[in-house]
Amino acid sequence: MTVRTSAVRTRFAPSPTGYLHIGGARTALFAWAYARRHGGQFILRIEDTDIARSTPEAVQAILDGMQWLGLAHDEGPFYQMQRMYRYKEVIQQMLAAGTAYHCYTSKEELDALRAAQEANKEKPRYDGTWRPETGKTLPVPPSGVQPVVRFRNPTEGVVAWDDQVKGRIEIANAELDDFIIARADGTPTYNFCVVVDDWDMKVTHVIRGDDHVNNTPRQINLLEALGAPVPRYGHLSMILGDDGTKLSKRHGAVSVMQYDDDGYLPEAVLNYLARLGWSHGDEEVFSMAQFIEWFDLDHITSSAAQFNTEKLNWLNAHYIKLADDARLGQEIHRRLAREGVTETAQPEAASIAALYKDRVSNLNELADNAHAFYVAPHPSAELLAQHLTDSAKAALGDLRSRLASAEFSPEALAKTLKETLAATGLKMPQVAIPLRVVLLGQPQSPAIDRVLAVMGREEVLRRLGRVI
RNA sequence: GACCCUAUCGUCUAGAGGCCUAGGACAACACCCUUUCACGGUGUGAACCGGGGUUCGAAUCCCCGUGGGGUCGCCA
């Protein structure tokens, strides 16, 4: 099988140390969209070499998040822990080629070195004690010390690349040091694994977070030492919290699955994320199919973007209006079940969804509204006293007797309501509002005739009977 | 501290030297619609960080400040 090198291959490479948060989701979205846009492949790679912090639960959480968003990968997931043999093989090759070397400086010595440099207001870096140079005599390796392996980074010149979102970036090799590619226990480190993987997996476009800009020159040097092709890089700026401060576990960096819990539709989250830091003229609302058609790296904003829940809410409201009633009905059931409300056969959740879908901006809000149809509310005495006046009671009594034999369609019910108005001489709000309080426990609702029709004769009469 | 990135309405952004008396969207406010509350519709207010250049002309290019962010691990 031959791999067409011209084909675009992108990857999303999270480390499974927590859930998929909103920043990671956007990175995945952009890498996915780029591959889709160019008819290429999207690879999922799990960077689990930090055995102390990686967990299977986190892997599952990431997979769940990707699935909820609908970001399907074409290859993988590949697990770095399963590729150890390959990393070790490449390390041996580098040692043999002289592009890497053993270093016996201990952690303690390194800490001391770093502290001294910081005290001196210098940039902390490895001092090259064990770096082989022509004509240089290396110290004698101390006995009983397992060495780490360091990459022999070039000392002169600059590393430069045309970042697909930020433009040309140049970093002097003098700023870099000989970083560790294998620990004393032989396990490879991040920058090394990434390079070998991107090479082996033939990744053509590395689309990742801004926080990796400083890793890029090291990775390019490594790639070049290996004689591997250098992919194109595009660094996405960060997403800031709603208040403009950095997202963190404690502050706003919630799992994408939390958005599901919080009542957001995945298409709303996707549309919002796509538009956060990327634009296509004045387009605000678009499907993923449209996004894929339009997506490019040229129109990504290079500065950090602040998350705005208000706008997400607006998009969510929009997509709820568009959503299928049956699907929204399922969402109502799911969310009601979470609160222990399971006997929800009548009325049909889909018909309640139809009643509320263009007035709510959130699925939980939709479920809350549906709740009152299934579980009779207990309006407060205050609310009853305010709305259930003697004239209102009389009107409700009149309506109740008419409802006993009326047809339960919105049109017929509107007529029935008018008959009560004529009989009592009241205005619509004087009847409709007390009726809402009795039926739903609150003075506002969708058009009352539609509410009556959806609730059904039996339940309407039962609830009216409790107060009259 | 060093290095790197970045800077248009409150927020997300359009803008690739003249199309900009800076456009759109969310939010805000006003009005309309209305059987209540919403939804919806219409409209209003709201920005080129500062200073120097370059140019006939700069939001757009360059430099210097300042603000913001990132990175400096045998974490990823």
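Values in this document were obtained by computation on a predicted structure and should not be read as measured data. Just the heavy atoms: all of them, side chains too, but no hydrogens, waters or symmetry mates, feed the values below. The sequence lines fix the lettering, A, B, ..., with proteins before strands; numbering per chain opens at 1.
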Run the side chain to side chain contact (heavy atoms under 4.5 Å, CB included) check on A:L439 and A:L452 step by step: do they pass?
-> CA-CA 9 Å; A:L439 296 180; A:L452 290 168; 3.5 Å; yes
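- A:N313 places its CG atom 16 Å from the P atom of B:rC12, with the value rounded to the nearest Å.
- Using a 4.0 Å heavy-atom distance criterion, A:K427 is classed as making no nucleic acid contact.
- Contact annotation: A:R275 side-chain N/O to B:rU13 OP1/OP2 distance is not under 4.0 Å.
- Going from atom CG of A:L240 over to atom P of B:rC12 covers 8 Å, rounded to whole Å.
- Counting distance only, with no hydrogens placed and no angle test, the side-chain atoms of A:D211 and the base atoms of B:rG70 include no donor-acceptor pair under 3.5 Å.
- Annotation: ring pair (Phe, Tyr, Trp, His ring centres under 6.0 Å) contacts of A:H212 (sequence neighbours excluded): A:Y190.
- Remark: A:H280 engages A:W294 in a ring pair (Phe, Tyr, Trp, His ring centres under 6.0 Å) (not counting sequence neighbours).
- Taking the side chain of A:T189 as heavy atoms from C-beta on, and the options B:rC74, B:rU35, B:rG70, the nearest nucleotide is B:rC74.
- Within the nucleic acid shown, A:S445 comes within 4.0 Å of at least one base atom, counting heavy atoms only.
- When distances run from any side-chain atom of A:W314 to the nucleotides B:rC74, B:rA27, B:rU35, the shortest one goes to B:rA27.
- With rounding to whole Å, A:I181 atom CD1 is found 13 Å from B:rC74 atom P.
- There is no side-chain donor-acceptor pair under 3.5 Å between A:D368 and A:H371.
- With a cut-off of 3.5 Å on both Watson-Crick or G-U wobble distances, the partner of B:rC3 is given as B:rG70.
- Side chain A:E122 to base B:rG1: no donor-acceptor pair is found below 3.5 Å.
- Looking at A:S361 and A:N316, their side chains never bring a donor and an acceptor atom within 3.5 Å of each other.
- Which of B:rG40, B:rC26, B:rU36 sits closest to the side chain of A:E310 comes down to B:rC26.
- B:rU11 is paired with B:rA25 under the criterion used here, namely a Watson-Crick or G-U wobble arrangement in which both key atom distances are under 3.5 Å.
- Residue order along RNA chain B, read from the 5' end via each residue's closest nucleotide, puts A:E175 first among A:E175 and A:D298.
- Distance NE2 (A:H102) to P (B:rC74): 17 Å, rounded to an integer number of Å.
- The cationic atom of A:R45 (NZ for Lys, CZ for Arg) does not lie both less than 6.0 Å from the six-membered ring centre of A:F12 and within 45° of the ring axis.
- In this structure, the CZ atom of A:R53 is 14 Å from the C1' atom of B:rC74, given to the nearest Å.
- An OP1 or OP2 oxygen of B:rA76 is reached within less than 4.0 angstrom by no side-chain nitrogen or oxygen of A:T17.
- With rounding to whole Å, A:D177 atom CG is found 12 Å from B:rC3 atom C1'.
- Note: CG (A:D296) to P (B:rA14) measures 11 Å, nearest angstrom.
- The interatomic distance linking A:D242 (CG) with B:rA27 (P) rounds to 13 Å, in whole Å.
- At a threshold of 4.5 Å between non-hydrogen side-chain atoms, the residues A:R436 and A:V451 do not count as touching.
- A:H235 and A:T216 are linked by a side-chain donor-acceptor pair at a separation below 3.5 angstrom, with hydrogens and angles left out of the test.
- Nucleotide B:rA47 forms a pair with no other nucleotide shown, judged by Watson-Crick or G-U wobble geometry with both contacts under 3.5 Å.
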Quick test: give all pairs of protein nitrogen or oxygen and nucleotides 6-8 of chain B nitrogen or oxygen below 3.5 Å, distance rounded to 0.1 Å.
| from | atom 1 | to | atom 2 | distance (Å) |
| --- | --- | --- | --- | --- |
| B:rU6 | OP1 | A:K166 | O | 3.4 |

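- Taking 4.0 angstrom as the limit, A:T49 places a side-chain polar atom (N or O) nearer than this to OP1 or OP2 of B:rA76.
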